[in-house]
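Have a look at the structure below before the remarks.
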Amino acid sequence: MIEVEDVVYDYPTKRALRGVRFTAERGQVLALVGPNGAGKTTLLRCLAALDRPFSGKVRIDGVDTQDDPRRVHEKVGYLPDFYGLYDELTVEQNLIYAANARRVTGAKARDAVQRTAASVGLDDRLKSRASELSRGLRQRLAIGQTIVHEPAALLLDEPAAGLDPEARRSLSDLITGLAKGGMAIIVSSHILAELEDYSTAMLVMRDGALIGDGPVAAGGGVRVRIVLARPDERLANALAAQAGIKVESGDASSALVTLDGGPEANAALLRTLVVDNFLVASFAEERVSLEDAYMAAQAGGRA
Amino acid sequence: MNAEFKRNIWLEISLSRIALMTGVLALIFALAWLSAGADDKAGAIAGTGQALFGVIVGLWGSYKAGRSVSDEIKERTWDFQRLSALSPMAMTLGKLFGATAYVWYGGLLCAGAYAFGMGQNDTIANTAYATMGLIVTGVFAHAVALFVSLGAVRRGRGQGRIDSFVYTIAGIAAFQTAGAISGRTFEMLRQAIDPENSLQDVITWWGMTLPAQPLSLAIVCALMLWAVATAWRLMRVELQAPANPLWFPLFVLVPALLVAGSGGDIFARVVMAYVVIHGLVLFTLLAEPKDIVAWRALVARQKSGDAGRYWPAALTGLMVAFVAALAIAAAFPFAGESESRHSALFGFAAFAFLLRETAIFAFFHLGARQRRGDFAALVTIALLCFAGPAILNIANMHAGTGLFIVDVEGDQISHLLSIASGLVQAAIFGVLAQGRWKGREKTVEAAAA
């Protein structure tokens, strides 16, 4: 659905993207994360065919952004980090304009407006002016404008910035629903907590390049924290000798490990430690958060 | 209906605004009617209508048309519009007539009053030509303001107050120019007031003697279409629609041919055409992006054989200007007596300085502070064109002015001097620009590494 090959983008004083390469499929929600200035917004603008890369290829649903940017525009919905609305128009007029401008007209436009307003929770505000909406509702209207034509790919740049927890929750539900409907979605943010609920994979950017050469697991895995009742210098070697175990951190009295193999692997490890006379005081599962995955990727990228 | 036009109508037109415009205009026309003498009431209505049309359509409309894109950028809605499926023509017309819809409501009321006043003392044909001329002039002014603003937007500028002022001034200048051509509006008004003052009813254009009113209206219509086409072409660039390489030659040739038609002999016409082409190439140099990124992308695409779509219009313009300079040399033997003091080298002399201006723009845009490149380039060009000749004139070295500017009245020696000087200056700035280019390349490569 979204294919990116060795994209390079230059500003007059710096290289913003350095050979970015990845793919995203329908139904996938990629979290695009990285510090400010990493190149996230530039990458999204290249994907939306708003900016032309210096070199490399971007294809959306098989259409090259440089060969036919206008067709790409029809296939994507892009919400910039700083977006504008026509404040003097009503919610309905904003959505009708968005639909008409995307070649959705007549009865189809009316249906699209009703469907979109319902999906972003604005169906009871159709006659309100955009200027009368709260920040959260404005955000919903902006997202509504980007999805009213049912794009194949949706690109959201910091969509939850400034939203209250309730609005973030409804945004999360909306993104999950759109992904289930078959859209490929990329959501950029540097607030990892907001991406936790709906991301299926993560693109980590730093200094214009992707860390890990493409999407990495967006957390959600399981790891085990082992705590001994008494420090034992053998622990590190004992864990290193086990197959299918990755030690993330540890010392003589504790360790944090990731295991391949599910509950059986956990049970086997625990049995081995007990048989080897380690005084295991605690053997607890921990969920790997997006932030953990991000920090691990960043650490890997620096190494 | 055009979605962009409809959106603008939603924003611009409301019952209260319509009532306000109607009421204010009715009041002004009533005052004009009451304050005029019994014999002059029709003339007063026509004059008031024309003056108000100039203020509402010429001034306010140019401002609105010029801001129609830059306001979208300011309000952060332009990216959404660039992503729309609206065609560049739909977007251009939607902005041209939508953003000025309210202005046109007032303008058409004024044009109606003008036609009513003029119609009392003149024929229906004269009234119709004059009123049409007024309206077409208004569209021309708005299209010029729109394309000047699109040029600024393309360079990543165009949202400040000074920019708005520039668009408005461009629109007013276009309004005045078209008014002077069609222009007969002023003459006709004078005739309406003073029927004894007869109009010149034929114009010689490209050697043909043609009826003045239809010809002047046709010329203004052609200029209007040219301006709309230019705005459309720049809108295509903004919306990333494919560019047609034939556009730029048409962009410079249409107004050049329109203006050249009023020249006396073939040489004078070619010279006039060259002057228009030269000016439009300078405008294009100013309007196009010229930073290191644009140049590097062009060089990279040239190497891969894909430069056609990205070829800068200004470089095409230089080729057209050179062809026009050749045409001047070819037309010189056909110069009439009044032009015999000129030389066949006039075009080449002007072209050499055009190369110099191009090199100056390149030099300043490859500097570290390239955002001020245009300003620095314009100041340098102004210094070379005005300060240099002024100093030489003060020193009584009048012949030396050809070192900095082309002398329109100059002879062959003067023009040879200009050619040599222009080429040397172009080479100097070209070499300096190349040095900066290499320095910037190293910087970019170091950053990339």
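Chain A is the first sequence line, chain B the second, and so forth, proteins listed ahead of strands; every chain is numbered from 1.
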Study note, to complete from the structure: Cut-off 4.5 Å, heavy atoms of chain B, and the answer for A:V72 is neither
Exercise for review: Would you mind telling me which of A:G208, A:G84, A:P80 has the largest number of heavy-atom pairs within less than 4.5 Å of chain B?
Suggested key: A:G84
Check your understanding: Could you give the distance from CG (B:L239) to NE2 (A:H73), rounded to the nearest 0.5 Å?
Key -> 8.0 Å
Check your understanding: Does A:R70 use its side chain to pair, donor to acceptor, with the backbone of B:L86 at less than 3.5 Å?
Key -> yes
Exercise for review: Report the distance from atom OG1 of A:T105 to atom CE of B:M1, rounding to the nearest 0.5 Å.
Suggested key: 13.5 Å
Review point. Most heavy-atom pairs under 4.5 angstrom with chain B, which of A:N100, A:T146, A:L89?
Key: A:L89
Review point. Using non-hydrogen atoms only, which part of A:A142 is less than 4.5 Å away from chain B: side chain, backbone, both, or neither?
Key: neither
Point to revise | With sequence neighbours excluded, residues passing side chain to side chain contact (heavy atoms under 4.5 Å, CB included) with A:S188 | key: A:L32, A:K40, A:L44, A:D157, A:E158
Check your understanding: So, for A:A101 and B:A3, which heavy atoms are closest and what is the spacing to 0.1 Å?
Key -> N-CB, 4.1 Å
Point to revise | Heavy-atom contact with chain B under 4.5 Å, split by part of A:R71 | key: neither
Exercise for review: Could you tell me which residues in residues 5-20 of chain B have at least one non-hydrogen atom under 4.5 Å from a non-hydrogen atom of chain A, sorted by residue number?
Suggested key: B:K6, B:R7, B:W10, B:L11
Review point. In Å and rounded to the nearest 0.5 Å, what is the OG to NE2 distance from B:S84 to A:H149?
Key: 10.0 Å
**Study point:** Portion of B:E72 that has a non-hydrogen atom of chain A nearer than 4.5 angstrom
**Key:** side chain
Review point. If you count the non-hydrogen atoms of other residues, nucleotides and ligands that lie under 6.0 Å from CZ in A:R115, is the total more than 12?
Key: yes
Exercise for review: Against chain B, label A:P151 side chain, backbone, both or neither, depending on which of its atoms sit under 4.5 Å from a heavy atom there.
Suggested key: neither
Review point. Can you tell if the side chain of B:Q240 reaches within under 4.5 Å of the side chain of A:T65, non-hydrogen atoms only?
Key: no
Point to revise | Between CD on residue B:E75 and CG on residue A:L85, distance to nearest 0.5 Å | key: 10.5 Å
Review point. So which heavy atom on B:L83 is nearest to which on A:R102, and how close?
Key: O-CZ, 3.4 Å
